[in-house]
Amino acid sequence: AGAAWARGVLSWARPERWLAPGSLFPLSCIHTSSSTHPSLQKQIGKWEKKNRIVYPPQLPGEPRRPAEIYHCRREIKYSNDKMWYLAKLIKGMSIDQALAQLEFSDKKGAKVIKEVLLEAQEMAVRKHNVEFKSNLHIAESLTGRGRYVKRMRFHGKGMFGIMRISRCHYFVKLVEGPPPPPEPPKTGFDQAKEYVQQLRNRTLVHTL
Amino acid sequence: VLVLLRSPLPPLRALLQRCWGRLERGLWPGALGGKNPPWGPALAVQGLALLPQGINDAGESSTEAPSLLESVLWMAAPKKRRTIEVNRCRRRHPIKLIKMKRNIDVCPECGNLKQKHVLCGYCYAKVKEETRLIRMEVHKKEGVPFNAPTVEAVVLYGGEKPTEKDEGKQIVERARKRPSWFVQN
């Protein structure tokens, strides 16, 4: 009986029932979050917001714009410098090749990056209208530093050191289509040609 | 007076070096508790004011090799801070980058990736799991530890019957269909 009474009170106390259906302003949803202070709210990073851009529809003659998928993982318990080597390895590869390389890498960050890539691949197929999950390549892969904390490391003879626990973020951008062909290395002939062109471009300045 | 120090900090080390230098050169009269006036030059001939001990000490200090404490403070240290450009050149040198592996293939059995010189991880895990279940059956049959019979074992699946070849062997039965990769003799 007490529970029923409490439920009755709560049902009476529901705010949306106070407003009549034909009221001037619509039923507002009451925020359940305890604070509205911007620093205390969960910050959505810039990389996550990149997935929200919507382009205007393409005209019939335009070439098809390849789909772009942005994904990231924050505060990975790994060093930024060490993660950079893995990010540099998979830059510009197709997603299958990248997954193969990461699977047989001995680094701790390789497992994390593999999970991120699989998540991004699944997101691409489900939400971003990508037809073939293998038809993706990694356009950009970056790392950023996360929040560091300082901790004590106790040595012998009462000595101590201050060590820092480092974390990192990992960002990846997948683009539909085969990976772009690698740039051919710059030959001496090309460099010479550029130099001659620079000499030919010289003109007189501040003259008539 | 030998003072043992535990890893003094650089400014402290420099200070100690200067103090020791001053002591050696006799420019710190009040250090050893009242040896006023300071000791005279080592090669002075008119040494009437000097004590015989003073001559010995001064002579020793100029001709003797640098003491252990002095040589310990002469250690290799970086002269200048390495700039981020120099650091980047070292950290991003091709020899330090992770090399791409070219020995990855597809396993013909299950289709997962495998390295050429290593067994396929998926197939190995499959076989390992089945072996674990067979061993559990064997333990159930034996009951007590250290009860293994000294004969060969034959694994039979499903409704298979032992042939005349498996006469004296220990028979282990598994209640499932024979897996395709476990070939029967």
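Residue A/Asn201 qualifies as enclosed at atom CG: its count of foreign heavy atoms under 6.0 Å is above 12. Heavy atoms from other residues, nucleotides or ligands lying under 6.0 Å from NZ of A/Lys173 number more than 12. Around CD1 of A/Ile162, the count of heavy atoms belonging to other residues, nucleotides or ligands within 6.0 Å does not exceed 12. Within 6.0 Å of atom CD in A/Gln58, more than 12 heavy atoms from other residues, nucleotides or ligands are found, so the atom counts as buried in its surroundings. Other residues, nucleotides and ligands contribute more than 12 heavy atoms inside 6.0 Å of the OH atom of A/Tyr148. The number of heavy-atom neighbours closer than 6.0 Å to CD of A/Gln43, taken from other residues, nucleotides and ligands shown, is 12 or below.
Only the side chain of A/Glu103 comes within contact range of chain B, with heavy atoms under 4.5 Å apart. Both the backbone and the side chain of A/Leu86 come within less than 4.5 Å of a heavy atom of chain B.
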Cut-off 3.5 Å, no hydrogens considered: what does the side-chain donor-acceptor table look like for residues 65-74 of chain A, sequence neighbours left out?
{"from": "A/Glu68", "atom 1": "OE1", "to": "A/Tyr70", "atom 2": "OH", "distance (Å)": "3.4"}
{"from": "A/His71", "atom 1": "NE2", "to": "A/Glu119", "atom 2": "OE1", "distance (Å)": "2.6"}
{"from": "A/Arg73", "atom 1": "NH1", "to": "A/Glu115", "atom 2": "OE1", "distance (Å)": "3.2"}
{"from": "A/Arg73", "atom 1": "NH2", "to": "A/Glu115", "atom 2": "OE1", "distance (Å)": "3.2"}
{"from": "A/Arg73", "atom 1": "NH2", "to": "A/Glu119", "atom 2": "OE2", "distance (Å)": "3.2"}
{"from": "A/Arg74", "atom 1": "NE", "to": "A/Glu48", "atom 2": "OE2", "distance (Å)": "3.4"}
{"from": "A/Arg74", "atom 1": "NH2", "to": "A/Glu48", "atom 2": "OE1", "distance (Å)": "2.9"}

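The cationic atom of B/Arg91 (NZ for Lys, CZ for Arg) does not lie both less than 6.0 Å from the six-membered ring centre of A/Trp84 and within 45° of the ring axis.
Within residues 94-108 of chain B, the residues having any heavy atom less than 4.5 Å from a heavy atom of chain A are, in residue-number order, B/Lys96, B/Leu97, B/Ile98, B/Lys99, B/Met100, B/Lys101, B/Ile104.
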